[in-house]
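Report on the structure given below.
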Amino acid sequence: MDFSKSDKRFMRTALRLGAKGKGSVFPNPPVGAVIVKDGVIIGSGWHRKCGEMHAETFAIEDALAAGHDLRGTRMFVSLEPCCHHGKTPPCADKIISAGISAVDISCIDDCDSRVCGAGIERLKSAGIEVRTGLLDEEGRELIEHYIVQRRENRAFLSLKWASSLDGRIATKCGDSKWISGEKARRFAHMLRSEHSAVAVGFNTLIADNPLLTVRSVKSHHKPTAVIFAGKRRIPEGLALFESVARVIVVDPSPEQSRFGGSALVETLDIPINKPFWATLLKEIPRRGIGSILVEGGGGIITSALKEGLVDRIYCVISPQILGEGVSAVNDLGIGKVKDALRLDNIRRLYLGDDVMIIGRPKKS
Ligand SMILES: NC(=O)c1ccc[n+]([C@@H]2O[C@H](COP(=O)([O-])OP(=O)(O)OC[C@H]3O[C@@H](n4cnc5c(N)ncnc54)[C@H](OP(=O)(O)O)[C@@H]3O)[C@@H](O)[C@H]2O)c1
């Protein structure tokens, strides 16, 4: 189907809006929507949280609040509208009763058997013109966390690190502030806002004393911090126990009951001295975590790659050389270049002097 430049522009706006909910909507998908009349957006919305208004309803209410008559309008929505009663009424019915004439959908919701084309059928049978596949690839990328959550029944796993040209994430003294420039660091904050949780390994916790909050980008979402203690005692007074609202300590020391600080601290007894990611990613959605962004260090990144469950890699490469230091990735048991772990679906972003490579590890 041929879509016009302005169709793509309106859908891009809907996709951008939808992305704002990426970190907070679990177990729902992130969705954005705009309503257009005479070539102008008259209402827009995005889904913020499970149980709260869906994007389509938000956009309709937005347009109605501004006094618009929605008859004859066109909606651009990033995902097929639902047609079942969940925590909120069906969006397809809301669109029909609002009098909207046409709906452009980026991708169908084939992960939820209650939707999967039925939302489109409901709209069509009410006489609404429906077109699908407008920026379909971007639409599927927006819901990539949701696709893994639904199809594999586990949390989505992203890795992010910043390394020098020679693959170091810290000097031999453990100093890593800052390898990446300001633009790449701002992007990293955006990534935090798009995940339910941000995680670091024990050595990083001690060496960097990170805050693990979303800063320098606007976001309503406050990710949970996940730390991998490996049965070691976590010293009191660490910054993140004050900066975030909630911390999950994986594999805590059995002797530790107090962590200090104002954060709500939960523990998860999954030993990290052997393969543990499969168990963690199945278990942690029960705690409301649908996606984890692991920010290092090398030990924890290596363990995730070894288990082959990484869904996305965000790697910043900075034009500097550190020589001996901490490696981004340790031994993976690869002897031949032909056996290297390769990425596909690759994108490159130029962030100041740095290059960010984004890709999906190929599954063997
Ligand atoms: N530039 C960046 O993007 C960036 C990001 C984060 C951190 N850093 C730097 O990285 C340094 C810390 O990195 P790190 O690698 O020393 O530590 P780390 O990954 O922060 O912590 C190592 C943890 O991984 C555990 N682990 C689990 N499975 C493992 C496996 N298969 N192999 C190795 N470790 C495994 C270790 O447990 P055991 O000890 O029990 O084996 C330990 O708890 C710091 O200097 C920090 O500043 C840089």
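Index from 1, following the sequence. Note that the structure is predicted; figures quoted are calculated from it, not measured.
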Quiz item: Would you say the side chains of Ser262 and Glu242 form a donor-acceptor pair under 3.5 Å?
Solution: yes
Quiz prompt | Donor-acceptor side-chain pairing of Ser216 and Arg185 below 3.5 angstrom | solution = no
Exercise. Give me the one residue out of Thr13, Val36, Leu17 that meets side-chain contact (heavy atoms from CB on, under 4.5 Å) with Ser44.
Key: Leu17
Quiz item: For the residue pair Ile105 and Pro81, what are the closest heavy atoms and their distance?
Solution: CD1-CD, 3.6 Å
Quiz item: What are the two closest non-hydrogen atoms of Gly288 and Phe26, and how far apart are they?
Solution: O-CD2, 3.6 Å
Quiz item: Would you say Leu191 and Tyr350 are hydrophobically clustered, going by side-chain heavy atoms of ILVMFWY under 4.5 Å?
Solution: no
Practice problem: Hey, could you give me the CZ/CG distance between Arg286 and Leu268, rounded to the nearest 0.5 Å? | Solution: 10.0 Å
Quiz item: Do Lys282 and Glu152 sit within salt-bridge range, that is, some charged N less than 4.0 Å from a carboxylate O?
Solution: no
Exercise. Starting at CD1 of Ile313, measure out to CG of Leu341 and round the result to the nearest 0.5 Å.
Key: 6.0 Å
Quiz item: Quick one: do Val198 and Ile206 end up in the same hydrophobic cluster if we chain Ile, Leu, Val, Met, Phe, Trp and Tyr together by side-chain heavy atoms under 4.5 Å apart?
Solution: yes
Exercise. If a pair satisfies side-chain hydrogen bond (donor to acceptor under 3.5 Å, both in side chains) and one of its residues is in residues 26-43, list it, with sequence neighbours excluded.
Key: Asn28-His47
Practice problem: Return yes when atom CZ of Arg215 has more than 12 non-hydrogen atoms of other residues, nucleotides or ligands closer than 6.0 Å, and no otherwise. | Solution: yes
Exercise. Step through the shown structure and confirm whether more than 12 heavy atoms of other residues, nucleotides or ligands are within 6.0 Å of NZ on Lys183.
Key: no
Self-check item: Greater than 12 external heavy atoms within 6.0 Å of Arg258's CZ
Solution: no
Quiz item: Can a salt bridge be assigned to the pair Glu295 and Arg192 using a cut-off of 4.0 Å between side-chain N and carboxylate O?
Solution: yes
Practice problem: Supply the atom-to-atom distance Ile227 CD1 to Ile300 CD1, rounded to the nearest 0.5 angstrom. | Solution: 11.0 Å
Quiz item: Under 4.5 Å between any side-chain heavy atoms of Arg312 and Asn345, yes or no?
Solution: yes
Quiz item: Got more than 12 heavy atoms from elsewhere within 6.0 Å of NZ, Lys177?
Solution: yes
Quiz item: Under 4.5 Å between side-chain heavy atoms, hopping through other hydrophobics if needed: is there a path connecting Val217 to Trp178?
Solution: no
Quiz item: Do the ring planes of Phe259 and Phe241 sit parallel (below 30°), tilted (30 to 60°) or perpendicular (above 60°)?
Solution: parallel
Exercise. Report, as yes or no, whether the 6.0 Å neighbourhood of atom CZ on Arg348 holds more than 12 heavy atoms from other residues, nucleotides or ligands.
Key: no
Quiz item: Which pair of non-hydrogen atoms, one from Ile120 and one from Glu80, has the smallest distance, and what is that distance?
Solution: N-OE2, 3.1 Å
Quiz item: So, Lys94 and Glu61, do they make that salt bridge, N to O below 4.0 Å?
Solution: yes
Quiz item: Taking atom CD of Glu236 as the centre, does the number of heavy atoms from other residues, nucleotides or ligands within less than 6.0 Å exceed 12?
Solution: yes
Self-check item: Pairwise distance CD1(Ile272) to CG(Leu280) - rounded to 0.5 angstrom
Solution: 10.0 Å
Quiz prompt | Heavy-atom closest contact (Ala197 atom, Pro223 atom, distance) | solution = CA-CB, 4.2 Å
Quiz prompt | More than 12 heavy atoms of other groups within 6.0 Å of Glu266 CD | solution = yes
Quiz prompt | Test side-chain contact (heavy atoms from CB on, under 4.5 Å) applied to Leu123 and Ile96, Asp93, Ile100, the passing residue | solution = Ile96
Quiz item: Do NZ/NE/NH1/NH2 and the carboxylate oxygens of Arg360 and Asp344 come within less than 4.0 Å?
Solution: no
Practice problem: Taking side chain to side chain contact (heavy atoms under 4.5 Å, CB included) as the test, write out the residues that go with Arg131, two or more places apart. | Solution: Met1, Phe3, Asp7, Arg74, Asp104, Glu129
Quiz prompt | Check against side-chain hydrogen bond (donor to acceptor under 3.5 Å, both in side chains), Arg168 and Ser327 | solution = CA-CA 5 Å; Arg168 303 299 191 200; Ser327 294; 2.8 Å; yes
Quiz item: Tell me, do Ile234 and Phe202 make a side-chain contact under 4.5 Å, heavy atoms counted?
Solution: yes
Quiz prompt | Residue among Ser106, Cys107, Ser78 satisfying side-chain contact (heavy atoms from CB on, under 4.5 Å) with Ile143 | solution = Cys107
Quiz item: Is Arg151 salt-bridged to Asp110, cutoff N-O under 4.0 Å?
Solution: yes
Self-check item: N-O pairing of Arg347 and Glu141 below 4.0 Å
Solution: yes
Quiz prompt | Qualifying residue for side-chain contact (heavy atoms from CB on, under 4.5 Å) with Leu212, from Leu205, Leu293, Val200 | solution = Val200
Exercise. Please check if atom CG in Asn209 has more than 12 non-hydrogen atoms from other residues, nucleotides or ligands closer than 6.0 Å.
Key: yes
Self-check item: Test of ring centre spacing under 6.0 Å for Phe228 and Phe276
Solution: yes
Quiz item: Got a second to check how far Asp251's CG is from Asn273's CG, nearest 0.5 Å?
Solution: 7.0 Å
Quiz item: Does His195 have its ring centroid less than 6.0 Å away from the ring centroid of His145?
Solution: yes
